[in-house]
Amino acid sequence: AGTFLAAGGVPPARILQESAAWDTIGNAWFTRVMHAEPRLLRRLLVITSDFHLERSKAIFEWVFSLPWPGAETAGGRATEARAQ
């Protein structure tokens with residue numbers, strides 16, 4: 001998919017691939033901790049097959065709805081935990 005996107009004009013620096021996982025939950029988790037959190041990304045484009053689309057969407061939405069490590073939930077939003 002990365003080669004296809006780059007050939008279509010997407011800058012290679014904007015293409016992030018996850019290759020550490022062995023399943024869809026792992027794909028979502030590693031995408032979150034390796035790419036989204038360190039870069040403070042709030043939008044992703046996940047590329048998958050039509051067959052796998054609904055499952056991937058549900059799993060990514062679930063994984064990305066979990067509180068971020070080091071954050072506490074306040075009023076439905078994740079906020080940075082403050083040292084006391």
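If you're wondering where the values come from, they're calculated on a predicted model, not measured in any experiment.
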Exercise. Can you list every side chain to side chain donor-acceptor pair (under 3.5 Å) pair that touches residues 6-19, not counting sequence neighbours?
Worked result: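 Qualifying pairs, neighbours excluded: Glu18-Asn27.
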Minimum heavy-atom distance [X]-[Y], with the two atoms named:
X     : Y     : answer
Ala20 : Trp22 : O-CD1, 3.8 Å
Ala36 : Phe64 : CB-CE2, 3.5 Å
Ala21 : Gly26 : CB-C, 3.1 Å
Arg32 : Val63 : NH1-O, 2.6 Å

Exercise. Which residues pass the salt bridge (Lys or Arg N to Asp or Glu O under 4.0 Å) test with Glu61, sequence neighbours left out?
Worked result: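 Counting only residues at least two positions away or on another chain, Glu61 forms a salt bridge (Lys or Arg N to Asp or Glu O under 4.0 Å) with Lys57.
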Same cluster or not: are [X] and [Y] linked, directly or through other Ile, Leu, Val, Met, Phe, Trp or Tyr residues, by side-chain heavy atoms under 4.5 angstrom apart?
X     : Y     : value
Ile25 : Leu66 : yes
Leu41 : Val33 : yes
Met34 : Ile59 : yes

Exercise. Taking only residues two or more places apart in sequence or in another chain, which ones pass side-chain contact (heavy atoms from CB on, under 4.5 Å) with Arg43?
Worked result: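 Arg43 satisfies side-chain contact (heavy atoms from CB on, under 4.5 Å) with no residue once adjacent residues are dropped.
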Side-chain donor-acceptor pairs under 3.5 Å in residues 44-52, sequence neighbours left out?
| residue | atom | partner | partner atom | Å |
| --- | --- | --- | --- | --- |
| Thr48 | OG1 | His52 | ND1 | 3.1 |
| Ser49 | OG | His52 | N | 3.2 |
| His52 | ND1 | Ser56 | OG | 3.0 |
| His52 | NE2 | Thr24 | OG1 | 2.9 |

